[in-house]
Amino acid sequence: ALEEHTRAPVAICAQSVLGALSLVGQAHADVVLPTGAASPLSLYFLTIAESGARKSAVDRLALKAVYAFEDELRLDYRDAFAKYEVERELWGARQSSALGGVKKSPKSIEAEADLRALGEEPEPPLTPMLVCPEPTFEGYYRLTASGRPALGLFSDEGGGFIGGFGMSADHRLRTAAGLCSLWSGDVIKRVRAGDGASSLAGRRLALHLMAQPQVAVELLGDDLLQSQGLLSRILVAAPPSAAGSRFFQPPAEQARVVLNEYDARLVSLLAKDLPIVEGTRNELDPRRLTLSVGAERIWINLHDFVEERLGEGMELAPISGFANKAAEQAARLAGLLTLCEDFEAQVVPEQAMDNACYLARFYHAEIMRHREESNISRHL
């Protein structure tokens with residue numbers, strides 16, 4: 001349906017849909033691998049296409065429901081923040097009064113009780129942002145500390161992030177390491193001389209960058225990022241251009257119906273209450289999706305298929321870092337497909353895993369092709 005509306009290559013449309021699904025689904029569940037480890041449903045995508053490939057048009061439609069939900073959050077935030085400011089002023093006045101009583105009578109039980117009865121200072125409402133286009137890792141840390149725990153780094157002009165401050169020579173390694181930790185679902189730790197030490201648990205990040213080939217080559221050909229591990233976590237698609245074949249044709253009514261159903265599905269997922277750890281405002285506690293017997297068998301087949309081809313001189317050896325994560329990527333994809341079909345599901349069915357493994361094989365071919373191209377001189 002997206003392809004029919006935009007005449008963009010179907011792979012661009014699929015990347016945007018899968019990215020949106022990861023953004024809205026990652027907060028709700030982790031998938032349990034046959035190894036026993038729980039893996040987040042966060043996914044990182046890179047879509048490579050020339051200017052004019054209608055990347056922006058696709059992304060606007062794919063994320064329409066997300067941006068509408070953000071608008072609602074902003075309206076709610078405005079009212080909630082006004083209420084918070086009043087509560088903060090009242091709390092401050094009561095604190096001043098209680099402190100005054102303590103100063104007058106330091107041993108007064110009543111004054112001490114008044115101070116204790118104040119409770120914690122009111123906290124501002126969570127920052128109403130779901131998607132940020134090009135944050136530094138420090139900026140992301142602060143945003144997720146005061147905002148929603150599941151965010152998206154999405155940009156239809158990925159060059160802004162790839163060539164931005166966070167990926168500059170002095171900050172690239174730190175940003176890459178932070179993105180890897182988020183992909184793995186690790187606790188984010190931060191130690192600064194001015195701010196002291198702090199840590200954030202239960203955070204998730206989905207990523208989808210759309211970039212032109214010249215920009216993407218800079219990313220995929222970066223040996224530092226390759227050895228550090230970030231590139232092995234990115235799912236790449238670079239379809240051939242559809243330019244020259246995009247003759248105008250109004251989308252069929254069925255395509256409109258399908259897009260409306262897609263928007264409604266995203267809205268229903270966004271409206272679900274986030275699973276938050278008791279006693280916290282924004283620390284996620286996702287439920288666990290296990291694999292059915294059939295899904296586990298398919299997952300093991302993919303795992304062993306990849307392992308057989310990782311030896312020296314074998315076909316997947318040039319992309320061993322990426323290939324080693326193929327089975328986990330497939331499990332994440334299968335988990336998202338499962339949530340999309342049945343949000344209350346507790347088990348990943350065989351069909352979802354079969355589809356996810358098919359996608360994993362596709363991403364193998366894409367990353368291998370573009371890893372090789374990135375090693376060719378720019379002149380050629």
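Below, all heavy atoms of this structure are taken into account, side chains as well, without hydrogens, waters or symmetry copies.
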Under the 3.5 angstrom rule, does the side chain of R172 hit a backbone N or O of L225 as a donor-acceptor pair? no

After noting the C-alpha distance and the side-chain angles of L18 and L336, does the key distance pass the side chain to side chain contact (heavy atoms under 4.5 Å, CB included) rule? CA-CA 8 Å; L18 289 171; L336 287 171; over 6 Å; no

Could you walk me through whether L291 and V32 pass side chain to side chain contact (heavy atoms under 4.5 Å, CB included), step by step? CA-CA 7 Å; L291 304 187; V32 180; over 6 Å; no

Any donor-acceptor N or O pair under 3.5 Å, side chains T6, R54: no

pair M129-E70: side-chain heavy atoms closer than 4.5 Å: yes

Has the side chain of N355 got a donor or acceptor atom that lies under 3.5 Å from a matching backbone atom of A334? no

Near R288 CZ, under 6.0 Å, is it more than 12 heavy atoms from other residues, nucleotides or ligands? no

Separation between CZ of F362 and CD1 of I367, rounded to the nearest 0.5 Å: 11.0 Å

Answer yes or no: is there a side-chain heavy-atom contact under 4.5 Å between P213 and E50? yes

Taking NZ in K325 as the centre, count heavy atoms belonging to other residues, nucleotides or ligands within less than 6.0 Å. Is the count above 12? yes

Does F69 form a side chain to side chain contact (heavy atoms under 4.5 Å, CB included) with L63? I'd like the steps, not just the answer. CA-CA 10 Å; F69 186 73; L63 294 174; over 6 Å; no

Closest heavy-atom pair and its distance - L310, A323: CD2-CB, 3.6 Å

Could you state the interatomic distance from OG (S199) to CG (D186), rounded to the nearest 0.5 Å? 12.0 Å

Around atom CZ of R361, are there more than 12 heavy atoms of other residues, nucleotides or ligands at under 6.0 Å? no

Can you establish whether the number of heavy atoms outside R78 located under 6.0 Å from its atom CZ is more than 12? no

With a 4.5 Å cut-off on side-chain heavy atoms, are L61 and S16 touching? no

Could you measure the distance from the OG1 atom of T338 to the CG atom of L333? Nearest 0.5 Å is fine. 10.5 Å

Main-chain N/O of R233 paired with Q329 side-chain donor or acceptor, under 3.5 Å: yes

Pairwise distance CG(L130) to CZ(R148) - rounded to 0.5 angstrom: 5.0 Å

Using only atom types and a distance under 3.5 Å, with no angle test, would you say the side chain of T144 pairs donor to acceptor with the backbone of Y141? no

Of all the heavy-atom pairs spanning L270 and A65, show the shortest one and how long it is. CD1-O, 3.8 Å

What I'd like to find out is whether the side chain of L41 reaches to under 4.5 Å of the side chain of L21, using heavy atoms alone. no

More than 12 non-hydrogen atoms from neighbouring residues, nucleotides or ligands closer than 6.0 Å to OH on Y358, yes or no? no

Closest non-hydrogen atoms of E283 and A201, given as atom of the first, atom of the second and distance, are CG-O, 3.3 Å

H171 pairs by ring-ring contact (aromatic ring centres under 6.0 Å, His included) with which of F161, F137, F165? F165

With a 4.5 Å cut-off on side-chain heavy-atom distances among I, L, V, M, F, W and Y, is there a chain of contacts connecting L284 to L43? no

Just do the side chain to side chain contact (heavy atoms under 4.5 Å, CB included) check on L2 and V258 with the steps written out, would you? CA-CA 9 Å; L2 276 173; V258 168; over 6 Å; no

Can you hop from I300 to V306 via hydrophobic side chains spaced under 4.5 Å? yes

Would a distance-only check, ignoring hydrogens and angles, find a side-chain to backbone donor-acceptor pair under 3.5 Å from E366 to A238? yes

P40 versus D30, closest heavy-atom pair with distance: CA-OD1, 3.5 Å

Rounded at 0.5 Å granularity, tell me how far OG1 in T280 sits from CG in L200. 11.0 Å

Could you please spell out the steps behind the side chain to side chain donor-acceptor pair (under 3.5 Å) verdict for D222 and Q226? CA-CA 6 Å; D222 190 307; Q226 186 67 40; over 6 Å; no

Does R203 reach the main-chain N or O of L182 with its side chain, forming a donor-acceptor pair under 3.5 Å? no

Exercise: identify the closest heavy-atom pair between P122 and W91: CD-CG, 3.5 Å

V267 and L274: same hydrophobic cluster, using ILVMFWY side-chain contacts below 4.5 Å? no

Do you know which two heavy atoms are closest between P133 and S155, and how far apart they sit? O-CB, 3.7 Å

Quick one: do the R332 and S39 side chains pair a donor with an acceptor below 3.5 Å? yes

4.5 Å side-chain heavy-atom contact, I12 and D59: no

Indicate yes or no for a side-chain donor-acceptor contact from R297 to the backbone of V293 under 3.5 Å, with no hydrogens or angles considered. no

Quick one: are M167 and I162 in side-chain contact, heavy atoms under 4.5 Å? no

Side chain of D156, backbone of K55: donor and acceptor closer than 3.5 Å? no

Please answer: with hydrophobic residues joined when any side-chain heavy atoms are less than 4.5 Å apart, are L339 and L359 in the same cluster? yes

Tested for side-chain contact (heavy atoms from CB on, under 4.5 Å) against R204, the lone hit among P149, P286, S22 is P286

Aromatic rings F45 and H208: how do their planes relate, parallel, tilted or perpendicular, breaks at 30° and 60°? perpendicular

Tell me whether D273 at atom CG has more than 12 heavy atoms from other residues, nucleotides or ligands lying less than 6.0 Å away. no

Checking R287 against F343: charged group under 6.0 Å from the ring centre and within 45 degrees of the axis? yes

Answer yes if the side chains of Q26 and S42 hold a donor-acceptor pair under 3.5 Å, and no otherwise. yes

As an exercise, state the distance from CH2 of W299 to CG of D354, rounded to the nearest 0.5 Å. 15.5 Å

Taking the side chain as everything from C-beta on, heavy atoms only, tell me whether H28 gets closer than 4.5 Å to P275. yes

Does any N or O in the side chain of R265 come within less than 3.5 Å of the main-chain N or O of C340, such that one atom is a donor and the other an acceptor? yes

Under 4.5 Å between side-chain heavy atoms, hopping through other hydrophobics if needed: is there a path connecting Y77 to L126? no

With clusters built from Ile, Leu, Val, Met, Phe, Trp and Tyr whose side-chain heavy atoms come within less than 4.5 Å, directly or transitively, what are the remaining members of the cluster of L90, listed by chain and number? V86

Answer yes or no: is there a side-chain heavy-atom contact under 4.5 Å between Y363 and I234? no

Y44 side-chain N/O to L179 backbone N/O, donor-acceptor pair under 3.5 Å: yes

